[in-house]
Protein chains: 2
Amino acid sequence: MAVTLKDIAIECGVSYSTVSKALKDSPLVTEATKRKIKAKAEEMNYIPNNSARSLVSNKSHTIGLIWPAVDRVAITTLATQVNKALKQAGYFMAVSIDNPVTAASKFLELRFDGVIVFDEGEYTTLPDKITNNIPVIAYGVARKLPYPIINVHHDWAMKQAVDLLIEKGYQTIDYIGELHTKDIRQIVKKETIEKYCKEKQINFRLVDSGGLTEMATKQTIKEFLKTETLHGGIICGSYDITMGVLHHLDDLETKKTIVAYDNIKQFKSIEMPIYSVGVPAEQIAESLVKHLTRNIETDRKNKREVIDLFPTLQYHEKK
Amino acid sequence: MAVTLKDIAIECGVSYSTVSKALKDSPLVTEATKRKIKAKAEEMNYIPNNSARSLVSNKSHTIGLIWPAVDRVAITTLATQVNKALKQAGYFMAVSIDNPVTAASKFLELRFDGVIVFDEGEYTTLPDKITNNIPVIAYGVARKLPYPIINVHHDWAMKQAVDLLIEKGYQTIDYIGELHTKDIRQIVKKETIEKYCKEKQINFRLVDSGGLTEMATKQTIKEFLKTETLHGGIICGSYDITMGVLHHLDDLETKKTIVAYDNIKQFKSIEMPIYSVGVPAEQIAESLVKHLTRNIETDRKNKREVIDLFPTLQYHEKK
DNA sequence: TTGTAAGCGTTATCAG
DNA sequence: CTGATAACGCTTACAA
């Protein structure tokens, strides 16, 4: 079996509690013994047993990320950033693509220190049974939740988009997004467009993307274009939707203005100039990690709390 | 703190070992006591402590998946299938998108039962230090590795693709794939096309996709098409590459035959008829899980072993 | 059928 | 500075 503290202790002729201290660089051990012990540990390929550690210290230095919809590019970027931010904060990130309750339960059993959920509405809500026992933070749109959520102001984003298009002189705005869904983020975007355009007294049209993925959009928009035509001012509900729409717009490049929701670096590699409005993934990641680790380290109980993040508009030149 | 076996024992007026047994449905406990204990455990929201369990049993019933390149659709599908297969086999899957050695080391510390690596060549090779201590299985292309690898015969796939196009009467074959790479899978595909086409005395051309993602392909092929034109028989190196190529082929649908590598259900939703050649994700997943769990459960040492999987050709009608 | 007790690999407290 | 030792929550002989 694996090498334990005891094995090292025997090899070094010291007690295993000394080994424990030495490996943690405790000031209670001479430099000389420390060196000897560390060398031996390295040589014997000692791997600490997290189960034993966590049993006594109640810490695993591991955070679980719940990410059921693993196939959207924008979220991929966010996950990568969260991994990076957690690492910097001294935590390891373990992802589950299983259903949220299963994943969270297992994270609890594994005695992870905290949980991050990519919230998508009801489906991803964690029960009290779980959230009473482990610090949780969600990323999504503000809704009634007994744990904190990072709230990206999709409404704010949409308003900025509309304002920009008005300023550019467009008479009608086409919003392309997922229209038939229970995902609050999508609902907020759609409804904001509706309300705000009415308020600003500008014509608008809601065009269904048929889903959130590039492929769904590509197909749905293809059908749409058989009988209709897109106006010049276009707002796309997400990066993936934008990609699906762009599929059909190659030759129209300069005639239209596209404002896309999301804020990820991939926009920079798009073959036409484009505006995007969103909160940069790094910033979301940082915020998630900051709040979660604070709650862990001060072992604060989960409670309803909304952390607001405001999208900004960016222009990406033609590549 | 969390509820423990002891807490339940006290509430029920029994010893905690009885509780332990009852919750595992041991035949050594009366049905009546079992019922009482189980009800109490439920009521008190007992969550077993995996650290304690794993400390004594040396089992965590958790498998780590190492998946550094989280952004390719074909792999997403495989990951989902692996999760499903592991679940069925009684294991929980925890994913790391961190670098392979970091991820594997942490999996070891967490005393996971095994590790699956999506192998991509040197970068994803795990050192002996790790593989000597935990069952590992890789998914990729056969190469010298001290642990088992599921080997998908990319060469076989390419040969079938070429045969099909020859049979269909094409005089020249265009292979579109990542040409400049160290990823063995891509190299094998490219080189097989080269050799096999020469052998069959048919003209061929290697067209660079500029990467493995849809976006890279889309852009590179756009440039390509400014000066060149694609022949009628096309082989694409992957699903994502296919999507990037299709971007430019909308109106040519019926005139060309495309054979794409990979075998995932997404091909079914493509807007033109297409052939795909590959091993279905379910089958790869099943094979990975079968071999890994066998090695875990018989605690067999890792050793060089290549498990061959042969791609099959499939036709997907126009959607 | 139930209870007792040893032990899994650590950390942390307290004596030496 | 170093070494015993209790404790973490659980499983599993073995004893009652």
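Numbers restart at 1 for each chain; the letters A, B, ... are given by sequence-line order, proteins then strands.
- At least one side-chain heavy atom of Y123(A) sits less than 4.5 Å from a side-chain heavy atom of N99(A).
- Using a 4.5 Å heavy-atom cutoff, the side chains of K106(B) and T62(A) are in contact.
- A salt bridge links R143(A) with E122(A): the distance from a Lys NZ or Arg NE/NH1/NH2 to an Asp or Glu carboxylate oxygen falls below 4.0 Å.
- Rounded to a whole Å, the CD atom of E31(B) is 10 Å from the P atom of dT1(C).
- When side chains are defined from C-beta on, P135(A) counts as touching L292(A), because their heavy atoms get closer than 4.5 Å.
- A 4.5 Å side-chain heavy-atom check between M93(B) and I97(A) finds at least one atom pair inside the cut-off.
- What separates NZ of K36(B) from P of dT1(C) is a distance of 15 Å, to the nearest Å.
- At least one side-chain heavy atom of L86(B) sits less than 4.5 Å from a side-chain heavy atom of I116(B).
- Atom CG in L108(A) sits about 15 Å away from atom P in dG9(D), given to the nearest Å.
- Atom pair L110(B):CG and dG9(C):P shows a separation of 17 Å (rounding to whole Å applied).
- Proximity of D119(A) to L145(A): side-chain heavy atoms (C-beta onward) are separated by under 4.5 Å at one or more points.
- Of the side-chain N and O atoms in S57(B), none sit less than 4.0 angstrom from OP1 or OP2 of dT11(D).
- As a whole-Å value, the separation of I8(B) CD1 from dG9(D) P is 12 Å.
- The side chain of K6(A) places no N or O atom within less than 4.0 Å of a non-bridging phosphate oxygen (OP1 or OP2) of dG9(C).
- Side-chain contact between P148(A) and H291(A) is absent, with no heavy atoms from C-beta onward closer than 4.5 Å.
- Comparing the end axes of the helix from dT1(C)-dA16(D) to dG16(C)-dC1(D), each fitted to five base pairs by superposing C1' atoms of four pairs onto the next four, gives an inter-axis angle of 50° (nearest 10 degrees).
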Contact pattern, 5' to 3', of nucleotides 2-7 of chain C - B, S or - by protein heavy atom under 4.0 Å: BBBBBB

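- Summarising the geometry, the separation between CD on E109(B) and P on dG9(C) is reported as 16 Å, rounded to the nearest angstrom.
- Rounded to an integer number of Å, the gap from K24(A) NZ to dT10(C) P is 10 Å.
- Taking a cutoff of 4.0 Å between a charged side-chain nitrogen and a carboxylate oxygen, K34(B) and D25(B) qualify as a salt bridge.
- Atom CG of N49(A) and atom P of dT10(C) are 5 Å apart (whole Å).
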